[in-house]
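Taking it in order: structure first as structure tokens, then the write-up.
From a predicted model like this one, the values you see are computed outputs, not experimental measurements. Per chain, numbering begins at 1; letters A, B, ... match sequence-line order.
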Amino acid sequence: MTLERFLYFGSDEIAVPTLEALAEREQVLAVLTQPDRPSGRKRKLTPCPVKARALELGLQVLDPEKVGEVSEQLQDLQPDLAVVFAYGQYMPRSIFELPRHGSINLHPSLLPKYRGASPIQSALLDGLEESGISILKVSAKMDAGDLLLQRRVSMGEEDDGVRMRQRFASLGAELILEALEGLREERLSFVPQDEAEATECGKLSKEDGLLDWKRSAESLRHQVRGCQPWPGTWFELENGERIKVFRVRIEAATAKAGTLLELKGDGPLIATGEGALRLLELQPPGKSRMDGRSFMNGYGRLLPEMLP
RNA sequence: CGCUGGGUAGAGCAGUCAGGUAGCUCGUCGGUCUCAUAAUCCGAAAUGCGUCGGUUCGAAUCCGACCCCAGCCA
């Protein structure tokens, strides 16, 4: 198979290393990304990470509101293959079938599991100890195309959403090169997914981050790990302020859920529906993240009355 | 000029509204107690209140400008 002329579709940070790997070895005709959005403290129009990097690399960037708008330009480029990773926009068939050999997509889960918008976070929320990344053919149905290559990854105690994203980001860069080589030498082929095994995950919402002490310590810990970097996890004080929680440890203890059991050691210890959680890293409103000890130094005496 | 909160000893905070020369918890150092100790008790060091300027006899506290940090927003 002849693969020389590439298009890259991506927006999110996780897709940056893959673009870099591709741009270094191959001819990237154009990079398609999301248009600039207002973001950050000043709400100013900011290019997405992939666009920013693509410009630095001197690549042609196209950021239409809808991909359809640039289909003619893409046609003129005569691409052999499009690589898609966290593009964040729906691609109509006319686009993903436009390159001579179609389009392939990177997806950070072991498909057919966790098709959809939040594969990394959902796998962590479910408490999985293993996940992975897949490369598949783009098809009309989201994440349902034929599989080309997968790589398994184990997830440990210390792995939260942020770390897993980093790992998948660099893994994507490795895997894409492997996939291209496999395709050129025709060693790899596309195999259909097992539809019976398929599961879907939707977008997370802000409210998914609220900690409910009535749940078990274990599921709360999964929540804390999975809701990074967004929406984060937090609990509310009586005055409505939100204390974010970044890292916790499960400890044995039984008491009414939500009870503050201890204010010493590595952090506050709070009873849950099943077991207790030691809060090891937190962030009060307007402050930066701090470890549990620091938190107790400043907030310890307030906490007992302020916990609802 | 999107909105909001914040910058005070090594860390986390109080004090700012009613200006008078800085306090709490933890840590650090020394000592005490103890078989021992991260536990107890006693004591000490350290800072000079984000920056610049103004008002004032006097400012962390009032006024002005600026810098930095964090949250909201998907």
Discussion item. Whole angstroms only, please: what is the CD-C1' distance between A:Glu281 and B:A11?
Written reply: 14 Å

Item to complete: Examine A:Val28 and A:Val84 and state if one hydrophobic cluster contains both, with Ile, Leu, Val, Met, Phe, Trp and Tyr joined whenever side-chain heavy atoms are less than 4.5 Å apart.
Response: no

Practice prompt. Give the rounded distance in Å between these two atoms: CD of A:Glu207 and P of B:C72.
Written response: 12 Å

Worksheet entry | Separation between the C1' atoms of B:G20 and B:A44, rounded to whole Å | 27 Å

Worksheet item: Does A:Glu129 CD have over 12 foreign heavy atoms under 6.0 Å away?
Response: no

Discussion item. Exactly one of A:Asp12, A:Asp159, A:Asp160 should register a salt bridge (Lys or Arg N to Asp or Glu O under 4.0 Å) with A:Arg165. Which one does?
Written reply: A:Asp12

Discussion item. Give me the distance, rounded to whole Å, that separates B:C33 from B:G43 when you measure between the P atoms they each carry.
Written reply: 16 Å

Practice prompt. Using whole Å, report how far CD of A:Glu241 lies from P of B:C72.
Written response: 14 Å

Practice prompt. Determine the Euclidean distance between corresponding C1' atoms of B:A38 and B:U47; express it in Å to zero decimal places.
Written response: 27 Å

Worksheet entry | N or O in side chain of A:Arg41 less than 4.0 angstrom from B:A70 OP1/OP2 | yes

Fill in: Nearest-neighbour nucleotide for the A:Gln283 side chain, B:C72, B:G71, B:C13 considered
B:G71

Worksheet item: Is the NZ or CZ atom of A:Arg289 positioned over A:Phe246's six-membered ring, under 6.0 angstrom from the centre and within 45° of the axis?
Response: yes

Worksheet item: Expressed in whole Å, how much space separates the P atoms belonging to B:G7 and B:C17?
Response: 15 Å

Worksheet item: Is there a path of hydrophobic side-chain contacts, each under 4.5 Å between heavy atoms of I, L, V, M, F, W or Y residues, that connects A:Ile14 with A:Leu175?
Response: yes

Worksheet entry | Inter-nucleotide P distance (B:G50, B:U61), Å rounded | 8 Å

Worksheet item: Among the nucleotides B:C13, B:G12, B:A70, which one has an atom lying closest to any side-chain atom of A:Lys287?
Response: B:C13

Pairwise N/O distances under 3.5 Å, protein to nucleotides 23-28 of chain B:
| unit_1 | atom_1 | unit_2 | atom_2 | d |
| --- | --- | --- | --- | --- |
| B:C26 | O4' | A:Asn297 | OD1 | 3.0 |

Discussion item. Taking only the C1' atom of each, what is the distance from B:C62 to B:G19 in whole angstrom?
Written reply: 8 Å

Discussion item. Using Watson-Crick or G-U wobble geometry with both distances under 3.5 Å, which nucleotide pairs with B:A70?
Written reply: B:U4

Item to complete: Please determine, for B:C17, whether a Watson-Crick or G-U wobble partner exists with both distances under 3.5 Å, and give it or none.
Response: none

Worksheet item: In whole angstroms, how far is the C1' atom of B:C68 from the NZ atom of A:Lys42?
Response: 11 Å

Practice prompt. Would you indicate what A:Gly88 reaches in the nucleic acid, counting non-hydrogen atoms under 4.0 angstrom: base, sugar-phosphate, or nothing?
Written response: nothing

Fill in: Between B:G27 and B:U34 - P atom distance, rounded Å
23 Å

Discussion item. Side chains of A:Arg225 and A:Glu157, heavy atoms from C-beta outward: is any pair under 4.5 Å?
Written reply: no

Discussion item. Please name the nucleotide paired to B:G64 by Watson-Crick or G-U wobble geometry with both distances under 3.5 Å, or report none.
Written reply: B:C52

Fill in: B:C13 OP1/OP2 closer than 4.0 Å to side-chain N/O of A:Tyr299
yes

Response to the item:
Taken to the nearest whole Å, CD1/A:Ile243 to C1'/B:G5 is 13 Å

Worksheet item: Distance between the P atoms of B:G54 and B:G58, in whole angstroms?
Response: 12 Å

Response to the item:
Looking only at B:G7, B:C72, B:A11, the nucleotide nearest the A:Lys244 side chain is B:C72

Item to complete: Could you tell me whether A:Lys137 and A:Asp146 have a side-chain N and a carboxylate O separated by less than 4.0 Å?
Response: no

Fill in: Most 5' of A:Met290 and A:Gly286 on RNA chain B, judged by nearest nucleotide
A:Gly286

Discussion item. Please check if the number of heavy atoms outside A:Gln150 that lie under 6.0 Å from its CD is greater than 12.
Written reply: yes

